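So the structure is just underneath, and the comments pick up after that.
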Protein chains: 2
Amino acid sequence: MAASGAGGADADGAAAEPPGFELPLRLLMAFRVLIDEVHAELARQGHPDMRPMHGFVFQAIGPHGTTAADLGRLLGVSKQAAGKTIDGLEQLGYVERHTDPNDARRKLVGLTAHGVDSLVKSAAIFEDVRAKWADRLGADRLRALEEDLRVMTPGDTIHLDMPAWFGGG
Amino acid sequence: MAASGAGGADADGAAAEPPGFELPLRLLMAFRVLIDEVHAELARQGHPDMRPMHGFVFQAIGPHGTTAADLGRLLGVSKQAAGKTIDGLEQLGYVERHTDPNDARRKLVGLTAHGVDSLVKSAAIFEDVRAKWADRLGADRLRALEEDLRVMTPGDTIHLDMPAWFGGG
DNA sequence: TCAGATAGTGAACCAGGTTGTCTATCTGTG
DNA sequence: CACAGATAGACAACCTGGTTCACTATCTGA
């Protein structure tokens, strides 16, 4: 990742950070900065065992619940991997499983009160952080930034597929 | 990660994607879209065994080379992890190690011709993709976006620390 | 009715991190 | 000049969170 002189001058004087490299780097850093802040604040607010990505998982589960296979599809991982994630979240008390009354194969995964609490708090914290961005950038610039990102990213499918490009298998 | 109705309407009618959630999601998706494109094109141009993040590693190594410990610091991982990464890259023929003549403890890690080739091509591809973004968004908007991202991210230290927040350890 | 699709689970495996420990080497200070 | 302490690299054991393969239970459509 990263480069010595991304922000400014490098001892060499040469262009240490070609402009094209800057964009992905900053996108990732921005994501990181934002997520870190939310993660830290969420830990302060009673959810110290949440992982940075769990908020997205909870949002994917949603208020109506889902199943391991659906969650896997949404997250872009195998159903087994989704199942493992659910196992962990279940042990932490964030979700619970119930057999689907209409389909004995399926197990509905739903948020517990604890899980809902974390989701609600995450959303509020995200809002706060976004407000801080609006303060720094100006509301117009932030809206423009969000609009531009929307334009440049596929609108509907949100298969992040983190593992695939990060190296995990 | 992600949510069913990020882009648009959800069957429920409820706000499926609180505005605060949208920002990190889009940042990550944008990063992903960009990296995927570069990665795919790089594979086409003779580097099929490159991992999406390798480009950043190569840039961190830089034209003058580095050491495992320095690389680890720059990447925000342990020196052992950096060493393993270098092992892999060495086997793929992208880097090579030489003992530092001035310090027998250190092993200078430098890019091979193959590594330099991949770095040069990456940079060019990044430029191309950036140009595409400029076409879509307009040069001004893209510059504004980059400027805003720069404002909201720490300027000098680029410790991405991917593993820490992704869950790896 | 029954072949085929789908849900969930377990097992074996892998990648890429972590920490702890060890040796070799350099460096600053008494 | 010697030596305590810092640093570089490597090895081992371990962890997390992915993967695929294989299997059973259940649903569905022809």
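In the text below, chain A, chain B and the rest are named by the order of the sequence lines, each starting its count at 1. Predicted model, so just to flag it, every value in this text is computed and none were measured.
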Under the salt bridge (charged side-chain N to carboxylate O under 4.0 Å, His left out) test, which residues partner [X], sequence neighbours left out?
X: A:Asp87; answer: A:Arg97
X: B:Glu146; answer: B:Arg130
X: B:Asp135; answer: none
X: A:Asp148; answer: B:Arg141

Residues that [X] engages under side chain to side chain donor-acceptor pair (under 3.5 Å), provided they are two or more places apart:
X: A:Glu41; answer: A:Arg44, A:Gln45
X: A:Asp140; answer: A:Arg143
X: B:Lys132; answer: B:Glu37
X: A:Lys121; answer: A:Asp117

**Request:** Indicate yes or no for a side-chain donor-acceptor contact from B:Thr112 to the backbone of B:Gly93 under 3.5 Å, with no hydrogens or angles considered.
**Result:**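 Yes, B:Thr112 side chain to B:Gly93 backbone: donor-acceptor pair under 3.5 Å.
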**Request:** Report the nucleotide, chosen from C:dG8, D:dA8, C:dT18, that has the shortest atom-to-atom distance to any side-chain atom of A:Lys107.
**Result:**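 Closest nucleotide among those given: C:dG8.
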Dump every N/O contact between nucleotides 28-30 of chain D and the protein below 3.5 Å, one line per pair.
none

Roughly how many Å is it from [atom1] in [X] to [atom2] in [N], rounded to a whole number?
X: A:Leu75; N: D:dG17; atom1: CG; atom2: C1'; value: 12 Å
X: A:Arg106; N: C:dA5; atom1: CZ; atom2: C1'; value: 14 Å
X: B:Leu71; N: D:dT7; atom1: CG; atom2: P; value: 18 Å
X: A:Arg51; N: D:dG18; atom1: CZ; atom2: P; value: 10 Å

**Asked** Taking the nucleotide of DNA chain D with the closest heavy atom to each, which residue, B:Thr66 or A:Ala104, is nearer the 5' end?
**Response**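 Here B:Thr66 is the residue nearer the 5' end.
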**Item:** 5′-ward residue of the pair B:Ala68/A:Pro101 relative to DNA chain D
**Value:**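 Closer to the 5' end of DNA chain D: B:Ala68.
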**Prompt:** Any side-chain N or O of B:Arg73 less than 4.0 Å from the OP1 or OP2 oxygen of D:dA8?
**Reply:**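 For D:dA8, OP1 or OP2 has a side-chain N or O of B:Arg73 closer than 4.0 Å.
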**Message:** Does any part of the side chain of A:Val109, heavy atoms only, come nearer than 4.5 Å to the side chain of A:Leu71, both counted from C-beta?
**Reply:**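 Counting from C-beta outward, A:Leu71 and A:Val109 never come under 4.5 Å.
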**Prompt:** Do B:Lys79 side-chain and D:dG9 base share a donor-acceptor contact under 3.5 Å?
**Reply:**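 Side chain to base: pair found, below 3.5 Å.
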**Message:** Under 4.0 Å, counting only non-hydrogen atoms across every strand here, what does A:Ser78 touch: a base, just sugar-phosphate, or nothing?
**Reply:**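 Result for A:Ser78 = base.
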**Message:** At 10 degrees resolution, what angle do the end axes of the helix from C:dT1-D:dA30 to C:dG30-D:dC1 form when each is taken over five base pairs?
**Reply:**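 What I find for the helix from C:dT1-D:dA30 to C:dG30-D:dC1 is an axis angle of 20°.
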**Request:** Check ring pair (Phe, Tyr, Trp, His ring centres under 6.0 Å) between B:Tyr94 and all other residues, then give those that pass, not counting sequence neighbours.
**Result:**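 Scan of B:Tyr94 (ring pair (Phe, Tyr, Trp, His ring centres under 6.0 Å), adjacent residues dropped) gives B:His47, B:Phe58, B:His114.
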**Item:** Interface residues of residues 80-98 of chain A with DNA chain C (non-hydrogen, below 4.0 angstrom)
**Value:**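 Only A:Gln80, A:Arg97 qualify.
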